[in-house]
Amino acid sequence: MNTPEWLKPVTLGVLIGAIAVSAVGFSWGGWVTGGNATKMANTQSRDEVIAALVPVCIDLSHTDAERVAKLEKIRETAAYQRWNALMETGWAIVPGSDSSDRDLAKACLDALELDKS
C-alpha cells in the first residue's frame with residue numbers, strides 16, 4: 001500500500017499537538033483525573049459538614065451547666081493541645097456518633113475565641 005507523502009508530517013503534528021494540549025491542560029488548564037476530583041469533592045464536603053456543625057458545638061457549649069469550669073480548663077491547656085481538651089468536654093461530638101471529632105473540635109475552638117474573651 002502506498003501512503004501519501006504528506007501523511008507522516010500530519011500524523012507527527014497531530015501526536016505532538018495532542019501531547020502539548022494534554023500537558024497544558026493538566027498543568028495550567030485545571031484538568032484533573034477522576035481520582036483527584038473525588039478526593040477534592042470529599043475534602044470539600046467534609047469541610048462544609050464541619051462548618052455546618054460548628055453552631056451545634058457552640059450551642060452545646062452555651063447550654064452546658066459546667067461551661068465555666070470546662071472553658072477554664074481549656075484556657076489552662078497548652079495552645080497546641082486545646083482541641084484535645086475541647087474534645088473531652090463532649091461539645092465536639094457529631095450527632096449520631098459516639099466520639100468527638102478532631103476537625104469539629106478545631107473549628108469549634110476557633111469559633112469560641114478563647115483568647116479574646
**Request:** Inspect the contact between K70 and E88 and indicate whether a charged nitrogen and a carboxylate oxygen are less than 4.0 angstrom apart.
**Result:** no
**Message:** Between L112 and W91, is there a side-chain heavy-atom distance shorter than 4.5 Å?
**Reply:** yes
**Asked** Do you know which two heavy atoms are closest between S61 and R67, and how far apart they sit?
**Response** O-CD, 2.9 Å
**Request:** Taking all non-hydrogen atoms of both residues into account, name the closest pair between S45 and N42 and its distance.
**Result:** OG-O, 3.0 Å
**Item:** R46 side, atom CZ; T43 side, atom OG1 - distance, nearest 0.5 Å
**Value:** 10.0 Å
**Request:** Verify the neighbour count for atom CZ of R102: are there more than 12 heavy atoms of other residues, nucleotides or ligands below 6.0 Å?
**Result:** no
**Gap separating the SG atom of C108 from the CD1 atom of I74, nearest 0.5 angstrom** = 8.0 Å
**Request:** Looking only at non-hydrogen atoms, find the nearest pair between R82 and T77 and report the distance.
**Result:** NE-O, 3.4 Å
**Item:** K106 and D101 ion-paired at < 4.0 Å
**Value:** no
Validation: residues 5-29 side-chain donor-acceptor distances under 3.5 Å, sequence neighbours left out:
residue : atom : partner : partner atom : Å
T11     : OG1  : L7      : O            : 2.8
S22     : OG   : A18     : O            : 3.0
S27     : OG   : A23     : O            : 2.7

**Prompt:** What's the spacing between M87 CE and Q81 CD if we round to 0.5 Å?
**Reply:** 12.0 Å
**Prompt:** What are the two closest non-hydrogen atoms of Y80 and W83, and how far apart are they?
**Reply:** O-NE1, 3.3 Å
**Message:** Please give me the minimum heavy-atom distance between V54 and L104, naming the atom from each residue.
**Reply:** N-CD1, 3.9 Å
**Complete:** Interatomic distance, OG1@T89 vs CG@L109, rounded to 0.5 Å, equals 10.0 Å
**Asked** Would a hydrophobic clustering, with Ile, Leu, Val, Met, Phe, Trp and Tyr connected at side-chain separations under 4.5 Å, put I93 with L86?
**Response** no
**Request:** Specify the closest pair of heavy atoms between L60 and G90, including all atoms of both residues, with the distance to one decimal.
**Result:** CD1-O, 4.3 Å
